[in-house]
Amino acid sequence: MPKTAIIVLAGTEAPSDLGRVVNALQTAKEFDDHGDEIELIFDGAGTQWVPELADEDHDYHALYDAVEHHAQVCSYCADAYDVDDEVEDEPVEEVTEFEGHPSVRSLVADGYEIITY
C-alpha cells in the first residue's frame, strides 16, 4: 500500500492556483478511495485554501469535504498568511513539527512519497 504526502503550496491569487488545488484534492481522493495511506498538507500560501474550500458555496467544497479528514495545515504559515483564525475554526490538524512547520523530512523517513502542487 503506497504512503503519499500531498502538499499544497499554491496560493489563491492566480487562476492556475485553483487548478493546482483541485488536482491535489483529486489525487488525495484517488489514493483515499483505494485505501492508501495519505497526508494532505496545506503549507505556505496553500494555507489560504482551507477557509475557501471549507465554504459550502465553493465549487470544490464537496471534493474538499471528501478528503478533509486527511487535511493538515502548517500553523506557522496559516499565521503568516493571516488565515489562522479561520483555520482554527475548521476540523484540520495544525502541524508544527519542525520550527512551526510540517516536517517533510519525517514524512520521507517514514517512507512517504511527496507530491507537491
**Request:** Could you list all the ring-ring contact (aromatic ring centres under 6.0 Å, His included) pairs where at least one residue sits in residues 51-74, not counting sequence neighbours?
**Result:** none

**Request:** Any pair with a residue in residues 20-57 that passes ring-ring contact (aromatic ring centres under 6.0 Å, His included), sequence neighbours left out, goes on the list, sorted by first then second residue, please.
**Result:** none

**Request:** Could you go through the side chain to side chain contact (heavy atoms under 4.5 Å, CB included) check for Asn23 and Arg20 one step at a time?
**Result:** CA-CA 5 Å; Asn23 286 332; Arg20 286 183 182 92; 5.7 Å; no

Examine [X] and [Y] and state if one hydrophobic cluster contains both, with Ile, Leu, Val, Met, Phe, Trp and Tyr joined whenever side-chain heavy atoms are less than 4.5 Å apart.
| X | Y | value |
| --- | --- | --- |
| Val21 | Val92 | yes |
| Tyr117 | Ile114 | no |
| Ile7 | Leu53 | no |

Where do [X] and [Y] come nearest, in terms of heavy atoms and distance?
| X | Y | answer |
| --- | --- | --- |
| Ala5 | Tyr112 | N-CD2, 3.7 Å |
| Ala28 | Ile38 | O-CD1, 3.4 Å |
| Val87 | Pro51 | CG2-CD, 4.4 Å |
| Ala24 | Val8 | CB-CG2, 3.6 Å |

Separation between [atom1] of [X] and [atom2] of [Y], rounded to the nearest 0.5 Å:
| X | Y | atom1 | atom2 | result |
| --- | --- | --- | --- | --- |
| Leu25 | Glu30 | CG | CD | 13.0 Å |
| Cys74 | Asp84 | SG | CG | 11.5 Å |
| Cys77 | Glu94 | SG | CD | 11.5 Å |
| Thr96 | Gln72 | OG1 | CD | 10.5 Å |

**Prompt:** So does Asp32 pair up with Lys29, basic N to acidic O under 4.0 Å?
**Reply:** no

**Complete:** salt bridge (Lys or Arg N to Asp or Glu O under 4.0 Å) filter on Asp43, not counting sequence neighbours, yields none

**salt bridge (Lys or Arg N to Asp or Glu O under 4.0 Å) involving Asp85 - partner list, sequence neighbours excluded** = none

**Polar side-chain atom of Asp17 near backbone of Ala14 as donor-acceptor pair, under 3.5 Å** = yes

**Request:** Please indicate whether Glu113 has more than 12 foreign heavy atoms, meaning atoms of other residues, nucleotides or ligands, lying under 6.0 Å from its CD.
**Result:** no

**Request:** Please say whether more than 12 non-hydrogen atoms of neighbouring residues, nucleotides or ligands are located less than 6.0 Å from CG in Asp82.
**Result:** no

**Request:** May I have the step-by-step check of side chain to side chain contact (heavy atoms under 4.5 Å, CB included) for Glu90 and Glu68, ending in yes or no?
**Result:** CA-CA 10 Å; Glu90 297 304 321; Glu68 179 184 46; 4.0 Å; yes

**Request:** Keeping to residues at least two apart or across chains, list the side chain to side chain donor-acceptor pair (under 3.5 Å) pairs with something in residues 2-12.
**Result:** Thr12-Gln48

**Asked** With Ile41, which of Val73, Ile6, Leu107 fulfils side chain to side chain contact (heavy atoms under 4.5 Å, CB included)?
**Response** Leu107

Listed pairs under 3.5 Å, donor-acceptor, residues 97-105 side chains, sequence neighbours left out:
{"from": "Glu97", "atom 1": "OE1", "to": "Ser103", "atom 2": "N", "distance (Å)": "2.8"}
{"from": "Ser103", "atom 1": "OG", "to": "Ser106", "atom 2": "N", "distance (Å)": "3.0"}
{"from": "Ser103", "atom 1": "OG", "to": "Ser106", "atom 2": "OG", "distance (Å)": "2.8"}

